[in-house]
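A note on names: the letters A, B, ... follow the listed sequences, proteins ahead of strands, and every chain is numbered from 1.
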Amino acid sequence: MSDNRQLQKISTSWGDIVVQMRDGKVSSCTLPYVDDTPTEPFTISTTEKNAIEFFVCDTFRGRSSGVPPIAELQGSSFQNMVWLLLSKIPSGETKSYREIAEALGKPLAYRAVANACGKNPAPLFIPCHRVIGSDGKLHGFSAGTAWKRMLLDIEGKKGI
DNA sequence: AGTCACTGATCGA
DNA sequence: TCGATCAGTGACT
């Protein structure tokens, strides 16, 4: 099992997005933390020379190109189920923490769902930013809600 | 036992 | 209306 690891950086005005690959699959994605009210407008610079960059670029354009293969996720069974559901939310749509919990057959586990979202190893690739509160508020994002707000805005959910 | 990226209810301004 | 506050909830450390 010679794991063929590879790091990929994508530079943006908010800092570098670092994607870690293993055997050609995405195993994690790290976004730099940004304050809730960034002064800097978001810009991204990449050559889109491979599938990862292409996907990330498309994401920030509000398009949903094919999601690159994601490595097997190492979380608890509950977390894996949450992450699987998240990955099925299409671009431009949102779900509430409670809807996810209900889909898992545990409507009262919304708090746990939120926990799992926060531990999502690959934001962007697993679209945890499309999960918002049932009151329509963003509530949180591991790398700062600025990302969440921007992504939803780009994907067509204006004014959240 | 304590921590949460929640939710629904309640209360005061 | 809109906020702050509170209790209840489940998974995880």
Side-chain angles (χ1 to χ4, degrees), chain A residues 8-22 25-44 52 55-64 67-160:
Chain A
Q8 176 145 1
K9 280 191 190 179
I10 298 171
S11 68
T12 81
S13 58
W14 286 1
D16 287 350
I17 297 172
V18 181
V19 180
Q20 186 170 95
M21 315 260 290
R22 188 172 60 79
K25 298 178 190 170
V26 176
S27 54
S28 77
C29 172
T30 314
L31 306 178
Y33 183 84
V34 288
D35 189 70
D36 281 352
T37 54
T39 52
E40 190 80 10
F42 180 82
T43 57
I44 186 169
I52 301 301
F55 168 79
V56 171
C57 258
D58 261 14
T59 299
F60 288 110
R61 283 200 200 98
R63 293 193 208 141
S64 61
V67 182
I70 297 177
E72 198 167 327
L73 300 168
Q74 321 190 37
S76 68
S77 59
F78 181 83
Q79 289 171 329
N80 287 336
M81 286 168 64
V82 172
W83 296 335
L84 179 66
L85 282 181
L86 297 190
S87 66
K88 292 181 178 170
I89 306 176
S91 175
E93 290 190 20
T94 59
K95 288 200 180 304
S96 67
Y97 295 95
R98 181 162 50 177
E99 283 176 305
I100 303 285
E102 282 172 353
L104 289 172
K106 306 189 179 195
L108 298 182
Y110 38 74
R111 201 75 161 76
V113 168
N115 270 325
C117 290
K119 286 168 185 151
N120 167 14
L124 296 189
F125 296 87
I126 299 170
C128 59
H129 58 275
R130 297 186 188 129
V131 185
I132 61 178
S134 53
D135 54 0
K137 289 180 181 162
L138 298 184
H139 283 282
F141 193 69
S142 55
T145 49
W147 288 100
K148 195 168 181 172
R149 185 164 37 242
M150 172 186 68
L151 286 163
L152 292 176
D153 191 57
I154 288 171
E155 293 176 0
K157 297 287 176 184
K158 308 284 185 194
I160 297 183

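In this structure, R111(A) reaches the dC6(B) phosphate: one of its side-chain N or O atoms is under 4.0 Å from OP1 or OP2. Not one side-chain nitrogen or oxygen of S142(A) sits closer than 4.0 Å to the OP1 or OP2 atom of dA5(B). Remark: K137(A) is not in phosphate contact with dT7(B), judged by side-chain N or O atoms under 4.0 Å from OP1 or OP2.
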Output a table of donor-acceptor pairs, distance under 3.5 Å, between side-chain atoms of residues 118-126 of chain A and any protein atom two or more places apart or on a different chain; print 'none' if there are none.
residue, atom, partner, partner atom, Å
N120(A), OD1, A122(A), N, 2.9
N120(A), ND2, I126(A), O, 3.0

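As a whole-Å value, the separation of D135(A) CG from dT5(C) P is 17 Å. Rounded to a whole Å, the OH atom of Y110(A) is 13 Å from the C1' atom of dC4(B). Between L108(A) atom CG and dA7(C) atom C1' there is a gap of 13 Å when expressed in whole angstrom units.
Applying the ring pair (Phe, Tyr, Trp, His ring centres under 6.0 Å) definition to pairs two or more places apart or across chains, none involves residues 75-120 of chain A.
Among the heavy atoms of the strands lying under 4.0 Å from F78(A) are primed sugar atoms or P, OP1, OP2 only; no base atom is included.
Residues that satisfy the side-chain hydrogen bond (donor to acceptor under 3.5 Å, both in side chains) test with S11(A), not counting sequence neighbours, are S45(A). The side-chain hydrogen bond (donor to acceptor under 3.5 Å, both in side chains) test applied to R61(A) returns E48(A), D58(A), not counting sequence neighbours. For R111(A), there are no side chain to side chain contact (heavy atoms under 4.5 Å, CB included) partners, not counting sequence neighbours. Legend: residues meeting side chain to side chain contact (heavy atoms under 4.5 Å, CB included) with S134(A), ordered by chain and number and at least two apart, are S96(A). Shown here are the side chain to side chain contact (heavy atoms under 4.5 Å, CB included) partners of S91(A), two or more places apart in sequence or in another chain: S64(A), R130(A), E155(A). Applying the side-chain hydrogen bond (donor to acceptor under 3.5 Å, both in side chains) rule to D36(A) yields the partners T145(A); only residues at least two apart in sequence or on another chain are considered. With sequence neighbours excluded, no residue forms a side-chain hydrogen bond (donor to acceptor under 3.5 Å, both in side chains) with N80(A).
Listed by residue number, there are no residues of residues 30-41 of chain A with a heavy-atom contact under 4.0 Å to DNA chain C. Contacts of residues 114-126 of chain A with DNA chain B (heavy atom under 4.0 Å): A114(A), N115(A), C117(A), G118(A).
For DNA chain B, each stem of at least three Watson-Crick or G-U pairs (distances under 3.5 Å) is given as range with range: B:1-4 with C:10-13, B:6-13 with C:1-8.
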